[in-house]
Amino acid sequence: MELSLRPFRATDAPIFEAAFLAQGWSKPASQYERYLAEQEVGSRAVIVAELDGEFAGYLNILWKPDYAPFREENIPEIADFNVLKKFQRRGVGTALMDEAERQVLTRSPIAGIGVGLTPDYGPAQVLYVRRGYIPDGRGLDYDGQILSYGASTTVDDSLVLHLTKQLAP
């Protein structure tokens, strides 16, 4: 079993779209084309994992995150972290996170990440806590807005808890 990591390439978009569609997830090639454009101008880094030459997963580093507290404090955000179901529990996610944290450390001593709150995100929640990520103390965020006491919201992929980790050099 050979695991390799590399930057995102233009030829990846249709491969990613097909791989996620095969497991019932809709992630259109246009999303990845936008990622490529942002990677080319330096606002995003996309790290791709392959296992035995087959696409296994990816994650992004947002150098200027949409989440205002991270952006204002120059905390890069690890985002859109996905490992195909058939490759989970085989070290792919750990390798991606190790590399993301290594790259973040070249620019910041702190890494940020957001995690959804539905059961679908349970494995990610556990992984992030085990890696030393802790809540940033601002509470829940829904689509860019920090929620205040008494607020009502929809529970979906836009409901997020943001976490940070102090990285060791």
Side-chain angles (χ1 to χ4, degrees), residues 1-8 12 16 19-20 23 25 27 31-32 35 38-39 42-52 54-147 155-169:
M1 175 174 83
E2 183 181 335
L3 178 64
S4 62
L5 302 176
R6 62 170 176 78
F8 181 73
D12 290 330
F16 289 17
F20 285 110
Q23 70 178 29
W25 297 3
K27 290 186 165 278
Q31 169 183 330
Y32 300 111
Y35 287 1
E38 292 173 3
Q39 179 175 267
S43 62
R44 172 187 303 263
V46 185
I47 305 167
V48 177
E50 293 177 328
L51 196 57
D52 294 328
E54 186 178 351
F55 168 62
Y58 71 93
L59 62 67
N60 292 265
I61 303 168
L62 305 178
W63 298 114
K64 294 290 183 191
D66 292 334
Y67 181 58
F70 287 175
R71 187 177 59 252
E72 291 162 6
E73 296 174 28
N74 293 314
I75 298 172
E77 182 177 359
I78 298 168
D80 196 24
F81 173 28
N82 290 281
V83 176
L84 291 171
K85 290 177 185 177
K86 67 182 182 177
F87 293 117
Q88 292 178 0
R89 313 275 326 149
R90 296 172 68 185
V92 174
T94 296
L96 283 165
M97 287 293 292
D98 287 347
E99 177 61 16
E101 290 174 1
R102 186 191 69 72
Q103 288 188 29
V104 166
L105 190 55
T106 67
R107 298 191 192 192
S108 171
I110 301 171
I113 198 162
V115 66
L117 298 175
T118 64
D120 294 344
Y121 292 95
Q125 294 164 2
V126 171
L127 174 67
Y128 302 156
V129 169
R130 285 186 176 154
R131 291 186 68 90
Y133 286 83
I134 60 171
D136 73 349
R138 292 181 177 90
L140 299 177
D141 173 296
Y142 187 85
D143 205 22
Q145 298 296 316
I146 295 173
L147 301 177
V155 177
D156 60 16
D157 291 341
S158 294
L159 184 62
V160 175
L161 180 67
H162 285 89
L163 313 166
T164 60
K165 178 181 178 179
Q166 184 73 42
L167 301 174

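We're numbering straight along the sequence, starting at 1. Please read these numbers as outputs of a predicted model, since none were measured by experiment.
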Tell me whether the count of non-hydrogen atoms from other residues, nucleotides or ligands lying under 6.0 Å of [atom1] in [X] goes above 12.
| X | atom1 | answer |
| --- | --- | --- |
| Asp66 | CG | no |
| Gln23 | CD | yes |
| Gln88 | CD | yes |

Please step through side chain to side chain contact (heavy atoms under 4.5 Å, CB included) for the pair Asp157 and Tyr121, ending with a clear verdict. CA-CA 9 Å; Asp157 291 341; Tyr121 292 95; 3.0 Å; yes

Counting only N and O atoms by type, is there a donor-acceptor contact under 3.5 Å from the side chain of Thr94 to the main-chain atoms of Gly91? no

Taking all non-hydrogen atoms of both residues into account, name the closest pair between [X] and [Y] and its distance.
| X | Y | answer |
| --- | --- | --- |
| Ala95 | Leu5 | O-CD1, 3.5 Å |
| Asp143 | Asp141 | N-OD1, 3.5 Å |
| Ile110 | Leu167 | C-CD1, 4.4 Å |
| Leu3 | Ala49 | CD1-CB, 4.2 Å |
| Leu161 | Pro135 | CD2-CG, 4.2 Å |
| Gly114 | Glu77 | N-OE2, 3.8 Å |

When rounded to the nearest 0.5 angstrom, what is the spacing between [atom1] in [X] and [atom2] in [Y]?
| X | Y | atom1 | atom2 | result |
| --- | --- | --- | --- | --- |
| Tyr58 | Leu96 | OH | CG | 11.0 Å |
| Thr106 | Gln103 | OG1 | CD | 7.0 Å |
| Leu127 | Ile113 | CG | CD1 | 7.5 Å |

Validation row: [X], [Y] side chains within 4.5 angstrom (heavy atoms):
| X | Y | result |
| --- | --- | --- |
| Ile146 | Leu140 | no |
| Tyr142 | Ser158 | yes |
| Arg6 | Glu50 | yes |
| Ile61 | Val104 | yes |
| Leu62 | Arg71 | no |
| Trp25 | Lys85 | yes |
| Leu163 | Gln125 | no |
| Phe70 | Thr164 | yes |

Would you please say whether a donor-acceptor pair under 3.5 Å links the side chains of Tyr67 and Asp136? yes

Just checking, is any N or O donor in the side chain of Tyr35 or Gln31 under 3.5 Å from an acceptor N or O on the other one? yes

Start with the C-alpha gap between Ile78 and Tyr133, add the side-chain angles, then the distance that decides, and say whether side chain to side chain contact (heavy atoms under 4.5 Å, CB included) holds. CA-CA 12 Å; Ile78 298 168; Tyr133 286 83; 3.5 Å; yes

List the steps, then state whether salt bridge (Lys or Arg N to Asp or Glu O under 4.0 Å) holds for Arg138 with Glu73. CA-CA 14 Å; Arg138 292 181 177 90; Glu73 296 174 28; 2.5 Å; yes

Relative to each other, are the rings of Phe55 and Phe16 parallel, tilted or perpendicular (30° and 60° limits)? parallel

Might you work through the side chain to side chain contact (heavy atoms under 4.5 Å, CB included) test for Met97 and Phe81, ending with a clear yes or no? CA-CA 9 Å; Met97 287 293 292; Phe81 173 28; 3.7 Å; yes

Run the side chain to side chain contact (heavy atoms under 4.5 Å, CB included) check on Ser43 and Glu38 step by step: do they pass? CA-CA 5 Å; Ser43 62; Glu38 292 173 3; 3.4 Å; yes

Do Asp80 and Arg44 sit within salt-bridge range, that is, some charged N less than 4.0 Å from a carboxylate O? no

Ion pair present between Glu54 and Arg90, side-chain N to carboxylate O less than 4.0 angstrom? no

